[in-house]
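Some notes on the structure that comes next.
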Amino acid sequence: MAVILQADMFNKITALITGAASGIGRGFAIHAAGLVMNVVLMDRNDEGLSETQALIPSAHNLVLKCDVSNHEEFTVCKEKIGAEFGMVHFLFNNAGIFLEGRAWKADQNNWKRIIDVNLMSVIYGLNLFVDEMIASNERCHIINTSSM
């Protein structure tokens, strides 16, 4: 099926970006705002979230401080997103962390944190949003970002 790109095809659809306080997440937010999308900025870093929000002053946005490795917290944020924008059309599972140093010297708590943020938060995002995306019969996309 051929798709015709329309100038306003992203207008007023919602993008959720985890890890939005810096880096790639901030870049996604700026790009989504330029497409006139509703932008949900999610991160644990208040200061970074405020900086990202300041870069998209004309975008309809929602800022949510959230530890996406905490399923309950992520679920509460999903409810806030639903109340503000309805459904999410673009899910950017972008939150990620790393620890410097030798992998074999990291203790179990550090490894658990890495797995919780880099893997479990992606699983939580999929569990929370995909069924609704599919049921909507609208164009929806999931972008899972990873890094070294």
Straight-line distance of Ile13 CD1 to Leu35 CG, nearest 0.5 Å: 8.5 Å
Of the non-hydrogen atoms in Gly125 and Leu91, which two are nearest, and what is the gap between them? O-CD2, 3.6 Å
State the CG-CE distance between Leu16 and Met87, to the nearest 0.5 angstrom. 11.5 Å
Under the salt bridge (charged side-chain N to carboxylate O under 4.0 Å, His left out) test, residues paired with Asp67 that sit two or more places apart: Arg44, Arg113
Linking I/L/V/M/F/W/Y whenever any side-chain heavy atoms sit under 4.5 Å apart, do Ile30 and Ile17 land together? yes
For Gln108, what residues pass the side chain to side chain contact (heavy atoms under 4.5 Å, CB included) criterion, not counting sequence neighbours? none
Under the ring-ring contact (aromatic ring centres under 6.0 Å, His included) rule, what pairs show up with a residue in residues 18-37, not counting sequence neighbours? Phe28-Phe92
Of all heavy-atom pairs between Asp43 and Ala20, which one has the smallest distance, and what is that distance? OD2-N, 3.3 Å
Residues in salt bridge (charged side-chain N to carboxylate O under 4.0 Å, His left out) with Lys112, at least two apart? Asp116
Euclidean distance, Trp104 CH2 relative to Trp111 CH2, rounded to 0.5 Å: 11.0 Å
From Ile143 CD1 over to Ile24 CD1, what is the distance, rounded to the nearest 0.5 angstrom? 12.5 Å
Cluster link Leu49 to Met37, ILVMFWY, side chain under 4.5 Å: yes
Distance check, rounded to the nearest 0.5 Å: Ile81 atom CD1 versus Cys66 atom SG? 8.0 Å
Determine whether a donor-acceptor pair (N or O, by modelled atom type, separation under 3.5 Å) exists between the side chain of Arg26 and the backbone of Glu51. no
Should Ile134 and Phe129 be regarded as members of a common hydrophobic cluster, given that ILVMFWY residues are connected when their side-chain heavy atoms come within less than 4.5 Å of each other, either directly or indirectly? yes
Salt bridge (Lys or Arg N to Asp or Glu O under 4.0 Å): which pairs involve residues 33-42, sequence neighbours left out? none
Among residues at least two apart in sequence or on other chains, which ones pass side chain to side chain donor-acceptor pair (under 3.5 Å) with Glu73? none
Is the backbone of Thr14 close enough, under 3.5 Å, to the side chain of His89 for a donor and an acceptor to pair up by distance? yes
Is there a continuous path of hydrophobic side-chain contacts, each under 4.5 Å between heavy atoms, that joins Leu55 to Val39? yes
Worked verdict on Thr52 versus Asn61 for side chain to side chain contact (heavy atoms under 4.5 Å, CB included): CA-CA 11 Å; Thr52 301; Asn61 66 76; over 6 Å; no
Of all the heavy-atom pairs spanning Gly96 and Val117, show the shortest one and how long it is. CA-CG1, 3.9 Å
Pairing residues for Glu84 by the salt bridge (charged side-chain N to carboxylate O under 4.0 Å, His left out) criterion, not counting sequence neighbours: none
Backbone of Thr18 reached by a side-chain donor or acceptor of Asn94 within 3.5 Å: yes
Can you run down the side chain to side chain donor-acceptor pair (under 3.5 Å) pairs that involve residues 120-135, sequence neighbours left out, and say none if there aren't any? Lys78-Glu132
Quick check for you: to the nearest 0.5 Å, what is the distance between Leu128 atom CG and Glu79 atom CD? 9.5 Å
Identify the heavy atoms of Ala33 and Ile56 that sit nearest to each other, and give their distance. CB-CG2, 3.5 Å
For Lys65, give me all partners under salt bridge (charged side-chain N to carboxylate O under 4.0 Å, His left out), at least two apart in sequence or on another chain. Asp46
Excluding sequence neighbours, so at least two apart, what forms side chain to side chain contact (heavy atoms under 4.5 Å, CB included) with Leu126? Asn93, Val122, Val130, Ile142
By ring-ring contact (aromatic ring centres under 6.0 Å, His included), which residues pair with Phe85, not counting sequence neighbours? His60
Does Phe90 belong to the same Ile/Leu/Val/Met/Phe/Trp/Tyr cluster as Leu41, with side-chain heavy atoms less than 4.5 Å apart forming each link? yes
My understanding is that only residues two or more places apart in sequence, or in another chain, count here; which of them pass side chain to side chain contact (heavy atoms under 4.5 Å, CB included) with Ser22? none
